[in-house]
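What follows is one structure encoded as structure tokens, with my remarks underneath.
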Number of protein chains: 2
Amino acid sequence: MRSYGQYCAVAKALDVIGDRWTLLIVRELLQGGPSRYTDLRNGLPGIATNLLSERLRDLEAAGLVKREDAPPPVATALFSLTPRGEALGPVLHELGMWGVPYMTEGPASRDAFRGRWLAWPAENFLADGDPDAPPVALELRVGGDSVVVEAAGGEIRTHPGPATQPDAVLTGPPHPILGLLSGGIDLAEARRRGVELQGEEGVIARLRPAGGVPTA
Amino acid sequence: MRSYGQYCAVAKALDVIGDRWTLLIVRELLQGGPSRYTDLRNGLPGIATNLLSERLRDLEAAGLVKREDAPPPVATALFSLTPRGEALGPVLHELGMWGVPYMTEGPASRDAFRGRWLAWPAENFLADGDPDAPPVALELRVGGDSVVVEAAGGEIRTHPGPATQPDAVLTGPPHPILGLLSGGIDLAEARRRGVELQGEEGVIARLRPAGGVPTA
DNA sequence: CCGCATCCGGGGCGATACTG
DNA sequence: CAGTATCGCCCCGGATGCGG
């Protein structure tokens with residue numbers, strides 16, 4: 001990308017990751033770990049193939065991504081983040097948190113969706129209402145893939161699913177699940193809109209203790 | 001900007017602030033407070049006037065910026081951030097911190113510079129080495145404007161200068177000042193490269209206690 | 001099938017000129 | 001001072017081709 005020509009940390013950062021699609025590629029690698037070209041293409045609906053390959057080359061040249069030849073059984077290239085690339089985690093976290101309000105308005109007509117993208121709304125809306133209780137895991141299973149939300153000791157963590165032993169599983173379309181997490185609708189209303197809950201119902205109550213949005 | 005068409009918090013955020021120059025305009029408003037058009041133009045060397053006005057319109061439409069008619073003595077429009085715009089503070093902070101390493105390599109030949117841009121390197125490299133001592137203020141005066149770095153109770157804060165009663169003032173070209181802050185060069189070498197120190201020399205020692213880069 | 005390279009149309013961007 | 005107007009260019013998007 002064309003440099004801003006400013007001796008400023010923010011401008012220099014944008015010189016490196018300001019190109020279109022670049023941060024979304026980093027998002028994929030952060031959430032999915034080492035990935036094949038096709039995995040990335042699949043996680044980035046809408047990207048043109050030439051842009052993906054060009055960005056990967058740029059990111060490699062900038063030292064954020066490294067390309068490895070996979071071990072024998074796979075025999076294909078794997079892209080993964082270098083430490084410098086992983087250091088973008090906090091940036092993406094803050095950016096995602098800032099963007100969560102745009103999701104509560106519902107998806108635009110033709111928006112693509114992946115279940116793992118619920119990680120940011122989950123971290124934003126949920127809290128561990130009972131820090132002294134044993135850890136619980138809630139799996140959100142939407143549109144073919146899933147995120148696991150874990151609450152332990154007052155902390156909320158998310159990582160790509162599926163979970164080995166989830167205490168509860170929510171299945172259904174993205175918008176009512178989001179409404180349930182944010183407190184905009186209750187469980188009965190969510191069920192009416194296609195959400196199914198397996199496992200302990202108490203998990204939901206623990207993660208959304210106030211019945212509203214905490215720390216808004 | 002063209003939407004990514006993804007129902008993801010990060011993608012939605014980039015739909016709003018992913019356009020070129022947009023985050024740098026927010027940077028100016030965050031650091032400088034309510035600003036006139038010309039102030040923004042001055043703080044954003046390299047931007048085309050049509051882009052600045054177009055971005056300001058977009059930002060206003062998105063609810064991140066509000067335009068106010070200034071009080072009588074000034075009689076010109078002032079642009080300032082809404083709460084939603086100010087909520088980008090943590091994003092810019094993380095982005096700036098991530099970009100600091102690109103500044104230690106020195107400015108490119110034709111890079112523009114403003115003293116306040118030293119805020120991020122200062123927050124990154126400095127620490128309060130003596131939390132129990134009374135607060136101190138260090139002013140960095142570079143290229144016509146300045147930042148104030150305050151250390152109090154173990155915390156480092158920065159805000160646009162000048163300071164009312166600085167305990168020390170560093171004046172000089174950006175690169176050796178940065179080298180001094182980062183620990184890459186010592187005070188004697190910095191002086192050789194055009195840096196001048198007024199006030200208490202001990203302030204420098206307190207802010208760079210280990211003589212190296214803390215929490216690297 | 002995977003991982004690109006190439007080609008081409010359209011629009012965002014950059015620089016300058018111009019206006020109230 | 002605070003923008004608007006204009007124009008060339010390059011980045012981006014979409015489609016297709018192609019070697020391993």
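Within every chain, numbering begins at 1; the chains are lettered A, B, ... in the order of the sequence lines, protein sequences first and strands thereafter.
- Listed nucleotides: D/dT4, D/dC12, D/dC1. Nearest to the side chain of B/Thr38: D/dC1.
- Between C/dA5 and A/Arg57, a contact under 4.0 Å exists linking OP1 or OP2 to a side-chain N or O.
- For B/Leu56 and D/dT4, the CG to C1' distance is 14 Å, given to the nearest whole Å.
- Rounded to an integer number of Å, the gap from CG of A/Leu44 to P of D/dG14 is 14 Å.
- With hydrogens and angles ignored, the 3.5 Å screen pairs no side-chain donor or acceptor of A/Arg116 with any backbone N or O of A/Gly43.
- You'll find that the side chain of B/Asn50 is closest to D/dA5, out of D/dG3, D/dA5, C/dC13.
- What separates CZ of B/Arg36 from C1' of D/dC1 is a distance of 8 Å, to the nearest Å.
- By the 4.0 Å N-to-carboxylate-O rule, A/Glu189 lies close enough to A/Arg192 to be salt-bridged with it.
- Closest to the B/Thr49 side chain, of the nucleotides D/dG3, C/dG3, D/dT16, is D/dG3.
- Across the protein-nucleic acid pair, A/Asp39 atom CG and C/dC4 atom P stand 13 Å apart, rounded to whole Å.
- Contact between the side-chain N/O atoms of B/Thr76 and the OP1/OP2 oxygens of D/dA2 is found at a separation under 4.0 Å.
- The phosphate of D/dG3 (OP1 or OP2) has no side-chain N or O of B/Arg41 nearer than 4.0 angstrom.
- As judged by a 4.0 angstrom heavy-atom cut-off over every strand, A/Phe79 is placed among residues touching the sugar-phosphate backbone only.
- Nucleotide D/dC10 holds its C1' atom 12 Å from the CE atom of A/Met1, rounded to whole Å.
- In terms of phosphate contacts, B/Arg20 brings no side-chain nitrogen or oxygen within less than 4.0 Å of OP1 or OP2 of D/dC11.
- Between A/Tyr7 and B/Phe113, the two ring planes are tilted [angle within 30° to 60°].
- Residue B/Ser53 places no side-chain atom within donor-acceptor reach of the base of D/dA2, judged by atom type and a 3.5 Å distance cut-off alone.
- Put simply, CD1 on A/Ile47 is 16 Å from P on D/dC11, counting in whole angstrom units.
- In this structure, B/Arg67 reaches the D/dG3 phosphate: one of its side-chain N or O atoms is under 4.0 Å from OP1 or OP2.
- Atom CD of A/Glu54 and atom C1' of D/dC10 are 11 Å apart (whole Å).
- For D/dC11, the OP1/OP2 oxygens have no side-chain nitrogen or oxygen of B/Arg2 closer than 4.0 Å.
- Between the OH atom of A/Tyr37 and the P atom of C/dA5 there is a distance of 8 Å, rounded to whole Å.
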Give the intermediate values and the outcome of side-chain contact (heavy atoms from CB on, under 4.5 Å) for residues B/Arg67 and B/Leu78.
CA-CA 6 Å; B/Arg67 173 192 317 242; B/Leu78 281 182; over 6 Å; no

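- Contact annotation: B/Trp21 side-chain N/O to C/dG14 OP1/OP2 distance is under 4.0 Å.
- With respect to A/Lys12 and B/Asp111, a salt bridge is recorded, a charged nitrogen being found less than 4.0 Å from a carboxylate O.
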